[in-house]
Amino acid sequence: MELRQLHCFVAVAEELHFGRAAERLLLGQPAVSQQVRRLERELRVELFDRSPRHVRLTPAGERFLPAARNVLAAENAARALAADLAAPTVLRLGTVTGLGERLDDILDAYRRQAPTVRVELDSLPVRERLARLADGRLDAAFVRGTVPNQDQAPDLRYLPLWQDELVIALPAGHPLADRPEVDLADLATLPLLLTERRNHPTLVDLVTAACAEAGFRPLLGPPHSTLQNTLASIGTGAPMWTVVYAANARMTNTRRIAFRPSRTPLTLPVSLAVRRSAPLPRLLLATCRNPATPTPTPTPTSNDQDS
């Protein structure tokens, strides 16, 4: 059994058409048919029910398809690892707050699978982060929220990773803290502490739009320079609230603040930005998309809700 036979089989199984499978594999249709026939002879089963009008998987073909996909997935993982091992010995990565255990997963993955690669972390505002990525001072960068228009950064591409949840932070003694989740409308009379919009327009727009949908315009309190200062103000017990990445909330150990999910879910997408001209950091991508641990849990002591 050869990998090229499995590639041909999976392509035909997914396209249910030998011609389209051949186009997808950049091969001639006779070559695809020949590889599938060889695989069938080796397995001693018919994998496809062929007729002039259709191509369908036989029961044996349906049973064999998951195994074939697993083999090809293992091949891709091996190629990804080989590419990372052959890559430069430094991965310069632009980070965002709220990565928590995901960042631990990344560092652990490189220590185990690419020990010769040193991961350097750089935490910067999003505009500077993307500027450094574009000019080559970073190799990849996390971006939270809506990605820039391609016309503004034609040399970069954005690979979707996951959705970050935001939760509500309010004084632990407030009556709303006794609820398992909070309706945004119940916060209408409480001042909202948010970073200035210029620091994180995506986050501010998300929260203010959610408040508008809940039927009110939030009462904005004075902005703070860091999330730590914002939480300290809320921890005094004065009635006020903010939003915090769920990962930050899980790492915050204080009796003064209650973190509650919003009844209307608040989430921001996270993407990985890379240069179009550079090889993909496949180990980094695979670790982000298949984390070894649950969602991230960082501390809120660094920059405020940076994108």
Side-chain angles (χ1 to χ4, degrees), residues 1-88 91 105-106 109-110 112-114 139-140 143 146-151 153-163 269-292:
M1 186 184 306
E2 299 178 3
L3 287 173
R4 58 183 174 179
Q5 295 172 350
L6 297 180
H7 279 288
C8 291
F9 164 69
V10 170
V12 176
E14 292 176 349
E15 299 291 343
L16 294 179
H17 192 281
F18 278 85
R20 289 195 296 270
E23 291 176 4
R24 171 172 150 182
L25 296 169
L26 302 179
L27 296 172
Q29 183 172 333
V32 173
S33 299
Q34 184 183 56
Q35 292 300 326
V36 173
R37 283 295 188 192
R38 287 180 179 175
L39 180 61
E40 289 176 320
R41 285 197 298 271
E42 184 171 341
L43 296 176
R44 298 181 181 179
V45 294
E46 292 287 328
L47 298 173
F48 293 103
D49 176 14
R50 301 165 175 84
S51 80
R53 302 186 63 178
H54 68 260
V55 174
R56 295 176 182 169
L57 282 166
T58 63
E62 290 178 353
R63 291 182 60 191
F64 184 67
L65 180 57
R69 283 174 168 157
N70 287 340
V71 172
L72 297 184
E75 178 203 9
N76 289 336
R79 290 183 183 277
L81 175 57
D84 274 320
L85 291 174
L91 173 69
D105 287 343
I106 292 167
Y110 273 89
R112 290 192 310 267
Q113 302 182 49
D139 301 305
V143 178
T146 305
V147 301
N149 187 295
Q150 184 175 343
D151 294 338
D155 296 331
L156 302 181
R157 60 172 165 167
Y158 299 85
L159 309 168
L161 297 178
W162 68 80
Q163 293 282 333
V270 177
S271 303
L272 184 70
V274 296
R275 287 189 303 281
R276 292 183 181 276
S277 59
L280 282 179
R282 296 187 182 275
L283 179 57
L284 175 61
L285 268 177
T287 306
C288 290
R289 289 175 170 170
N290 302 284

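The figures that follow rest on heavy atoms only: side chains count, while hydrogens, waters and symmetry mates do not.
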Distance-only donor-acceptor pairs under 3.5 Å for side chains of residues 28-36, two or more places apart:
residue : atom : partner : partner atom : Å
Ser33   : OG   : Gln29   : O            : 3.2

When you look at Leu272 and Tyr158, which way does the side-chain contact (heavy atoms from CB on, under 4.5 Å) test go after all the steps? CA-CA 6 Å; Leu272 184 70; Tyr158 299 85; over 6 Å; no
task = Could you check Leu161 against Arg289 for side-chain contact (heavy atoms from CB on, under 4.5 Å), going step by step and ending with a plain yes or no?
result = CA-CA 6 Å; Leu161 297 178; Arg289 289 175 170 170; 4.0 Å; yes
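Here the closest non-hydrogen pair linking Val71 and Leu3 is CG1-CD2, 3.8 Å. Here the closest non-hydrogen pair linking Cys8 and Leu25 is CA-CD1, 3.8 Å. Scanning all heavy atoms of the two residues, the minimum distance from Leu283 to Ala109 falls at CD2-O, 4.0 Å.
Residues Asp155 and Ser277 form no side-chain contact, since every pair of their non-hydrogen atoms from C-beta on lies 4.5 Å or further apart.
Distance check, rounded to the nearest 0.5 Å: NE2 of His7 to CD of Glu75 gives 3.5 Å. Taking CG of Asp49 as the start and CZ of Arg56 as the end, the distance is 7.0 Å to the nearest 0.5 Å. Distance check: Leu43 CG to Gln5 CD gives 8.0 Å after rounding to the nearest 0.5 Å. Atoms CG and CG, on Asn70 and Leu65 in that order, are 9.5 Å from each other to the nearest 0.5 Å. Separation of atoms CG (Leu47) and CZ (Phe64) is listed at 6.5 Å; rounding is to 0.5 Å. To the nearest 0.5 Å, atom OG of residue Ser271 and atom CZ of residue Arg157 are 12.5 Å apart.
Applying the salt bridge (Lys or Arg N to Asp or Glu O under 4.0 Å) rule to Arg50 yields the partners Glu40, Glu46; only residues at least two apart in sequence or on another chain are considered. Remark: Glu14 engages Arg24, Arg69 in a side-chain hydrogen bond (donor to acceptor under 3.5 Å, both in side chains) (not counting sequence neighbours).
Between the side chain of Arg63 and the main chain of Thr58, no donor-acceptor pair closer than 3.5 Å is present.
Between Leu159 and the choices Leu285, Leu284, Val143, the side-chain contact (heavy atoms from CB on, under 4.5 Å) rule is met once, by Leu285.
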